[in-house]
Protein chains: 2
Amino acid sequence: MTVKVLALNPAPKRPRGRPPKTAEQRDDGNRRRDLVRAAAKLFRQHGYDATTTRDIAAAVGMQSGSPFYHFGSKADLLVAVMEDGMRDGLARVQATAQQVQDQSAARQLRALVRTHLDVLWGPGSDFIPVMLQEWRVLKPTQTKGINALKDAYEGHWTPLLQSLKAQGRLRGDVGLVRLFLFGALNWTIKWFDARGSASLDELADAVMVMWLHDEPEPETGGGQDGTV
Amino acid sequence: MTVKVLALNPAPKRPRGRPPKTAEQRDDGNRRRDLVRAAAKLFRQHGYDATTTRDIAAAVGMQSGSPFYHFGSKADLLVAVMEDGMRDGLARVQATAQQVQDQSAARQLRALVRTHLDVLWGPGSDFIPVMLQEWRVLKPTQTKGINALKDAYEGHWTPLLQSLKAQGRLRGDVGLVRLFLFGALNWTIKWFDARGSASLDELADAVMVMWLHDEPEPETGGGQDGTV
DNA sequence: CCTACCGATCGGTAGG
DNA sequence: CCTACCGATCGGTAGG
């Protein structure tokens with residue numbers, strides 16, 4: 001049995017003050033999530049500035065002032081969208097990295113690329129596109145926490161790119177490779193149509209074909225990996 | 001002597017109503033350009049929505065309502081920024097393409113890439129970044145003319161990419177290659193710092209190193225490149 | 001979380 | 001191109 005022993009938290013065993021509406025209680029934590037989800041969708045469709053807090057409220061059946069019961073400002077809502085998105089994206093990348101850790105570096109990269117495309121385009125993923133497109137509306141103080149998540153996200157890629165470069169299958173400065181690779185993938189939010197002709201798998205394949213160079217031939221007869 | 005014989009225009013030989021300030025007269029056509037330039041700069045810095053028509057007016061020393069003497073709406077100003085930017089960008093790409101037409105396909109591509117980076121990052125080039133970032137605020141009817149310019153711009157790339165693919169130096173579907181290549185380059189508007197460590201030349205070199213594959217070896221025995 | 005509301009801002013216009 | 005202004009919208013708040 002794991003028992004939470006967080007020193008803070010005044011042990012809210014029994015409800016205080018608020019009438020015991022169990023149905024509403026159950027929703028309670030979800031209302032905030034509903035707002036974030038609706039905000040993500042609307043921000044993605046129309047942009048942050050063009051979306052009003054009234055739009056977001058209406059999308060979840062609230063009155064115009066009610067979002068401010070959950071969030072201090074419209075910008076805080078945007079921060080929440082980005083943070084939730086990055087937290088989820090990071091989890092997905094971590095899961096993928098673990099699943100494929102025993103495979104070849106090339107296969108690992110393909111898996112990460114595919115996961116990244118899914119983070120951008122999979123069902124219910126408006127969060128990261130919003131982050132990518134609306135990054136500049138936030139001030140540095142507001143993006144501190146998100147930056148930490150982004151660093152962790154990118155951290156999963158660098159060693160892989162380095163090992164592929166060591167194998168001669170990737171060329172150029174690894175830092176630039178990563179930036180250009182993310183650029184190529186992230187830019188899909190400007191042109192890719194999920195209902196269109198190409199699939200995410202085809203996109204991932206194309207990336208690999210374009211970027212991965214042939215394995216250098218072994219020097220001597222029996223060399224197995226390129227070096228030795 | 002070229003004499004304007006435009007049937008319309010009631011021949012404004014002598015100034016009517018307005019006092020004959022010749023200096024102001026000389027600026028007349030430039031005021032509009034001033035507005036477009038100021039708009040580009042401000043749109044780039046703060047985004048379209050966050051920039052007010054008052055900001056733009058102030059930037060060129062006008063009163064708040066005066067931009068609407070030159071432009072019907074704020075959106076029209078954005079259209080003008082994009083159109084001017086694309087017209088200039090297209091001219092630059094055309095000039096480059098002509099200058100290097102006798103060089104190898106690889107050199108031609110490198111030249112185009114470098115020019116594109118200059119369109120994005122050279123002095124006074126806020127126009128295209130604005131276009132790339134604010135594309136979605138315009139309705140399809142407003143982007144018709146710009147789309148034609150974009151098609152022409154991209155038209156300069158496709159045959160080159162095709163010939164590089166035929167040489168085996170570029171891999172994957174040419175359409176996707178172009179999209180991913182533009183993506184990688186355009187995404188620099190999100191991270192590149194013109195005052196930073198890397199130069200535009202280094203960026204262009206990195207792109208070539210990453211994307212271009214080794215030339216396939218000749219079929220017959222005397223292989224000259226990687227083998228023997 | 002709703003009701004009722006404020007204060008500021010902003011695109012745009014009439015009229016010269 | 002300026003003066004003076006309108007009308008609407010919008011983020012946010014008090015008070016329950």
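Below, all heavy atoms of this structure are taken into account, side chains as well, without hydrogens, waters or symmetry copies. Source: prediction; values computed, not measured. Throughout, a chain's letter reflects where its sequence line sits, starting with A, and its residues are numbered from 1.
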Task: Interface with DNA chain D, restricted to residues 138-145 of chain B and to heavy atoms under 4.0 Å - done: none
Task: Other residues, nucleotides, ligands: >12 heavy atoms within 6.0 Å of B:Gln98 CD - done: no
Open item on the list: Dot-bracket, 5' to 3', for DNA chain D please: Watson-Crick or G-U pairs under 3.5 Å, [ ] where pairs cross earlier ones, | where the partner sits on another strand, dots elsewhere.
Closed with: ||||||||||||||||
Task: Side-chain H-bond candidate by donor/acceptor type, B:Asp55 with B:Thr52, under 3.5 Å - done: yes
- [ ] Quickly work out the A:Tyr69 OH to C:dC1 P distance and round it to whole Å.
- [x] 7 Å
Task: By ring pair (Phe, Tyr, Trp, His ring centres under 6.0 Å) - contacts of B:Phe127 (at least two apart) - done: none
Open item on the list: Under the rule for ring pair (Phe, Tyr, Trp, His ring centres under 6.0 Å), what residues qualify as partners of A:Phe192, not counting sequence neighbours?
Closed with: A:Trp121
TODO: Decide, yes or no, whether a salt bridge links B:Glu134 with A:Arg136 under the criterion of side-chain N to carboxylate O below 4.0 Å.
DONE: yes
Open item on the list: One thing to verify: whether A:Arg110 and A:Asp201 come together as a salt bridge, which I'm taking to mean a side-chain N less than 4.0 angstrom from a carboxylate O.
Closed with: yes
- [ ] Determine: side-chain N/O of B:Gln63 to OP1/OP2 of D:dT3, distance under 4.0 Å, yes or no.
- [x] yes
Task: Protein-to-nucleotide contact annotation, 5' to 3' order, nucleotides 4-16 of chain C [B base; S sugar-phosphate only; - none; under 4.0 Å, heavy atom] - done: -B----BBBB---
Task: Test side-chain hydrogen bond (donor to acceptor under 3.5 Å, both in side chains) applied to A:Tyr153 and A:Gln94, A:Arg87, A:His116, the passing residue - done: A:His116
Task: Lys NZ or Arg CZ of A:Lys190 over B:Trp187 ring: under 6.0 Å, within 45° - done: no
Open item on the list: Using side-chain heavy atoms (C-beta onward) and a distance below 4.5 Å, is A:Ile189 in contact with A:Pro129?
Closed with: yes
Task: Non-neighbouring partners of A:Met210 that pass side chain to side chain contact (heavy atoms under 4.5 Å, CB included), sequence neighbours left out - done: B:Val177, B:Phe180, B:Trp211
